[in-house]
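Working notes, beginning with the structure itself.
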Amino acid sequence: MSTTQELHDLPAQYDPGQTERAIYERWIDAGIFSADEKRSRRNGGDRDPFVIIMPPPNVTAALHMGHGLNNTVQDVIIRWRRMVGDEALWVPGTDHAGIATQNIIEKQLAAEGKTKFDLGRAAFVERTIEFVEETGGEILRQLRAIGVSADWNRTAYTLSPELSRAVREAFVQLYERGLIYRGHRVIHWCPRCLTSLSDEEAQHSEAMGTLYHIAYPIVGAKDNASLTVATTRPETMLGDVAVAVHPEDDRYKKLIGKSVLLPIANVEIPIIADAYVDPAFGTGVVKITPAHDPNDFEVGLRHKLPMPVIMAPDGTMANGADAGSRVPAELLGADRFEARERIIRSLEQSRQLIKVEPHQHAIRHCYRCDTVVEPRLSDQWFVKMTPLAEPALKAVRDGTIRILPERWEAVYINWLENIRDWNISRQLWWGHRIPVWYCDKCDKQIVSRTDVTACDKCGGPVRQDEDVLDTWFSSWLFPISTLGWPDKDAAALAAFYPTDDLITAPEILFFWVSRMIMAGYAFMDAAPFHTVYLHGTVRDTNHVKMSKSLGNGIDPLDVVAKYGADALRYTVIAGMGMGADLMLDPLNLERSFAPGRNFATKLWNIGRFLLANVGTSPVRSVDELRDNELTLADRWILGRLNATILEADAALGPARPEKRKWRPEERYSGLRLSEYAEAARRFVWNDVADWFLESTKGRIGASGGDSEVARAVLTHVFDYALRLLHPIMPFITETLWQRLPFPVATDRCEFLAIASWPIPHPRSKNEGDEMARFDLVRETVSAVRQIRSDYAISPGKSMDVIIQSRANRALFTEHASLIGRLSRSAVKVDGQGAGAAAAHSVLADGSEVIVPLGGLVDLTKECRKLRTELEQLEVQLEALSKRLRNEGFTSRAPANVVAAER
RNA sequence: GGGCGAGUAGCUCAGUUGGUUAGAGCGCCUGCCUUACACGCAGGAUGUCGGGGGUUCGAGUCCCUCCUCGCCCACCA
């Protein structure tokens, strides 16, 4: 049989670059990633739907490793379900990412020496559209390169006309239900982005600050007495409208109702009593700045205080609404932090700065530009969250939705229980314009699904609200809007909603996941999915989160180019425990992705062996092989295959709850992707390659029926191994599978990607016993190999092995030649002549492996070696017994042992 | 300040309901280019399972306590 010719077809190492793109195109051409609404059982079809909605990547930049991880996980799951036979739909998309994208364009403009105002709103939006078309396209190309099997016909974009319609519908519906309102209150304001932010977008970070103690003179006090207030933000004192003390605070009780003179601004402000003040903190006196602090705003409301704004939107000092001339001329236009310094210096000079002490506190930063957020009194649109949160809370509490890993459920519940209203208006240009129009003539406010051109009350001219919606106001609708909502009769909505799994990172649990659940109930009266799978973060070797700005990122396309998409995917899946972070070394891609690349090469070479030895002519189906035709090795590998399928299924777990809710015993099981990967790897590498394939080497080349049996079994187990691995390594498995001899199975179809997921087929009831018998053969081989290694007998040297067995003489006799071949030795069963100089090894069944060492090893050398080892052990023993004696143990056993040994 | 998680081989992590010699991958050491694969094969070393205390015949696994990291949340100025 000429094998060299065929081996030439396949190089010794897999070259992903040549094959991946072509295979992907064949999948696309065959339409196997497209889901059919009519085939969904919910639409009268014959398949259970299984649906994943992709977390849409932001169109701000090309994808990084985090996206690589996120999409690989989703692809593994969707490909698995597709093979199982579900009508699998994965909806891809991108997110316009309002504030993030606008920041990028502004930066581009800044580099050109321009601002957005130089362009004007229309031109700015136009330019942004050009930008996102480019990056959006690049993102979709990247996803295809890593093998994403999404239904590209349904690719969604949060700012598309269809999704914009959904956004308007959602806004209007919530408004009509009284859940959206315009509020005048203190919100988080980013002075750099010049927009308001939601609570979630203003992120806390601990920082060392300063607590300034400032004296406010009491008006009319005889002895120039003053009240000392403690503040971390003296620049806001110009906006003070009162100082507050606790009503029960004996120190200050008698001052309530009097006034103090606000330094610098020289305004007289009252001393008020409010239970909000903690007498134990600072001096027990709080300055009240309603326009620049959310708590003070509440106090201001309670006491009907004025609310002067003393900063411009950009964070410079200015006399805003109701401020009169509180900000003195010399401070006007100064940045807030500069103003802080100057105010402190001024107070120092007037001896009103009493004390300065370091103070640890949390400061909020803009999640997009990291600027310190400024609390600011402002008019914004809000969503009333408590009613929306109620069903979302219930869903996780009662098991309609599960969150993996389990611990995030508590975090989710805690957040929803303390939820506050959601500020959804942003003072940006990039996003969905708020669908509210104001009549200039009669002041009417019109909230409308369609554009309004004239006031419906007085016919006067109208203007649309200048603001746009928080970018998350479109993404929270993604599971319903991508399926056709608000068209409640949309075929896709009926076929595929509710969806199944939502796979994302924990960072956006509040931003996105919890809000999607709320939207699901608010607009469809049903949870959008039953499983939330939160995976870890990709980090470098120092455990620092990978990011482009830090320069420690990895470009998935680099990895694909160097090692192939499969290597990337396998590495990521195998290395990622449930919810655990994934560490990769951006400086050593070779080492980082070696597990995946090496495994791909292994698979490739099993394929090469198979094609060279089994050939391409048809093989028999294993189903028609009679039991008495199978060798012990055949039965063993088929048993291992069954066990592996069960392991993989157990690791992947139930795809959906059996009833409508997760039962406690199934709730936290499944989606252990690394365990599934490891089960498949172990089978392919340690069982098929290391043992079974080796065991067939003497069989396939021989003439007669057993050769056909070996061909059939080897082809079958490799076929099934490829099926098991396809979700993780789609390209190489498809490539090899396409070349396998046929008919390999009854359901041979055009693509592995739609071939059936393996089902275990136990051939006999005592499969376990059969496997134990082959395990004994393997153990024997290992024992001989170990003896060879222990006595440093070179692999080239032939070695005689004698097996003495009572229980399994027949087994060893039958497999003597196999054992001999695998251990490179000549095996005799029950032979004589072991002699004194022989190595022994006892097997699990009590049988003995004996290797006569005569002529193989230099016994005097061996003897010397052993004597040295014994001497070392004696020294250790002495030291140990000495230590024991010192610690008070009186047993003389160690000494006795030493004596006995001698 | 509140809540949660983690500390197991040099590194990244598995270790199910407490039960025989604690595992994997990568790395390391020794020997092999054995005609599928040196991105490989065979063999090997390495762990007071964070510290201390307790329950138990028996604990990496349960309880208490301390230490060290990490994450989430938070209107004490």
Side-chain angles (χ1 to χ4, degrees), chain A residues 3-4 7 10-14 186 199-200 203-204 211-212 229-233 236 243-244 276-278 280-289 293-299 359-362 364 375 405 407-412 414-415 418 420 506-507 509-510 536-537 539 541 543 563 567 571 574-585 590-613 650 669 672 674-675 677-678 681-682 686 689-690 693-694 697 781-782 785-790 792-796 821-824:
Chain A
T3 61
T4 42
L7 280 179
L10 299 180
Q13 266 147 38
Y14 170 58
V186 171
D199 293 343
E200 292 69 37
Q203 300 191 324
H204 287 278
L211 194 58
Y212 301 93
V229 304
T231 179
T232 53
R233 307 188 57 225
T236 65
V243 293
Y276 147 70
V277 180
D278 175 3
F281 185 88
T283 58
V285 186
V286 186
K287 64 195 246 342
I288 300 299
T289 322
D293 184 288
N295 296 312
D296 294 2
F297 174 74
E298 295 298 325
V299 174
H359 178 63
Q360 172 107 9
H361 63 149
R364 286 182 182 252
R407 65 187 132 94
W408 287 105
E409 289 187 349
V411 176
Y412 171 92
N414 184 269
W415 185 76
N418 299 296
R420 291 154 64 192
E507 290 108 273
L509 180 61
F510 305 137
T537 306
R539 298 175 185 279
T541 46
H543 297 194
Y563 312 110
T571 302
M576 188 196 58
M578 168 70 71
D581 290 344
L582 178 71
M583 313 301 167
L584 295 170
D585 188 351
E590 157 87 21
R591 186 171 166 180
S592 294
F593 293 94
R597 184 205 49 184
N598 294 355
F599 187 40
T601 305
K602 191 71 186 181
L603 275 175
W604 186 249
N605 278 291
I606 296 171
R608 286 176 75 220
F609 175 88
L610 192 142
L611 294 177
N613 292 280
S669 69
R672 266 65 180 176
S674 60
E675 291 175 25
E678 173 56 17
R681 187 207 65 84
R682 198 164 44 230
N686 300 128
D690 288 351
L693 185 148
E694 291 298 329
K697 280 185 176 170
V781 172
S782 295
R785 283 173 176 169
Q786 192 168 332
I787 289 169
R788 188 185 282 278
S789 175
D790 286 351
I793 302 163
S794 75
R821 198 152 38 73
L822 296 181
S823 63
R824 309 174 146 261

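Everything numeric here is computed off the predicted structure, so don't read it as measured data.
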Within less than 4.0 Å of OP1 or OP2 of [N], is there a side-chain N or O belonging to [X]?
X	N	result
A:K697	B:U35	no
A:Q13	B:G40	no
A:K602	B:A38	no

For [X] versus [Y], what's the shortest heavy-atom pair and its separation?
X	Y	result
A:P375	A:V186	CB-CG1, 3.6 Å
A:F593	A:L584	CZ-CD1, 3.9 Å
A:M576	A:L582	N-CD1, 4.4 Å
A:V229	A:T283	CA-OG1, 3.7 Å
A:K287	A:T289	NZ-OG1, 2.9 Å

[X] side chain: which of [options] is closest?
X	options	result
A:E678	B:A24, B:G31, B:G27	B:A24
A:R785	B:G5, B:A36, B:G43	B:G43
A:R591	B:G43, B:C41, B:G27	B:G27
A:N598	B:G40, B:A24, B:A36	B:G40

message: Within the 4.5 Å heavy-atom criterion, are A:T537 and A:E507 side-chain neighbours or not?
response: yes

Spacing of [X] atom [atom1] relative to [N] atom [atom2], expressed in whole Å:
X	N	atom1	atom2	answer
A:D690	B:A36	CG	C1'	12 Å
A:I606	B:G40	CD1	C1'	12 Å
A:D790	B:A42	CG	P	16 Å
A:F609	B:A36	CZ	P	6 Å
A:L603	B:G40	CG	C1'	14 Å
A:F599	B:C41	CZ	P	12 Å
A:R407	B:G2	CZ	C1'	18 Å
A:R681	B:C37	CZ	P	20 Å

Write down the distance separating the [atom1] atoms in [N] and [M], rounded off to the nearest Å.
N	M	atom1	result
B:C72	B:C66	C1'	24 Å
B:G5	B:A77	C1'	32 Å
B:A14	B:G50	P	14 Å
B:C37	B:C49	P	44 Å
B:G7	B:C29	C1'	29 Å
B:G51	B:U34	P	47 Å
B:G18	B:G70	C1'	28 Å
B:A22	B:A9	P	14 Å

message: Parallel, tilted or perpendicular: which one describes the rings of A:W604 and A:Y14, with boundaries at 30° and 60°?
response: tilted

For [N], the Watson-Crick or wobble counterpart (both distances under 3.5 Å):
N	value
B:C71	B:G3
B:A9	none
B:G40	B:C32
B:U55	none

Residues A:N686, A:R681; criterion side-chain contact (heavy atoms from CB on, under 4.5 Å); working and verdict: CA-CA 8 Å; A:N686 300 128; A:R681 187 207 65 84; 3.3 Å; yes

message: Between A:I606 and A:L693, does the side-chain contact (heavy atoms from CB on, under 4.5 Å) criterion hold? Intermediate values first, please.
response: CA-CA 8 Å; A:I606 296 171; A:L693 185 148; 3.9 Å; yes

Assign [X] to base, sugar-phosphate, or nothing according to its heavy-atom contacts below 4.0 angstrom with the strands shown.
X	value
A:R597	base
A:A244	nothing
A:T601	base
A:L582	nothing
A:R824	base

- line: Between A:A689 and A:Y14, whichever has its closest RNA chain B nucleotide further toward 5' is A:A689

field: A:E590/A:R597 ion pair, N-O < 4.0 Å
entry: yes

- request: Classify every nucleotide of nucleotides 71-77 of chain B by which part a protein heavy atom approaches to under 4.0 Å, writing B for the base, S for the sugar-phosphate alone and - for neither, in 5'-to-3' order.
  value: SSSBBBB

Donor/acceptor link under 3.5 angstrom from A:E694 side chain onto base of B:A36: yes

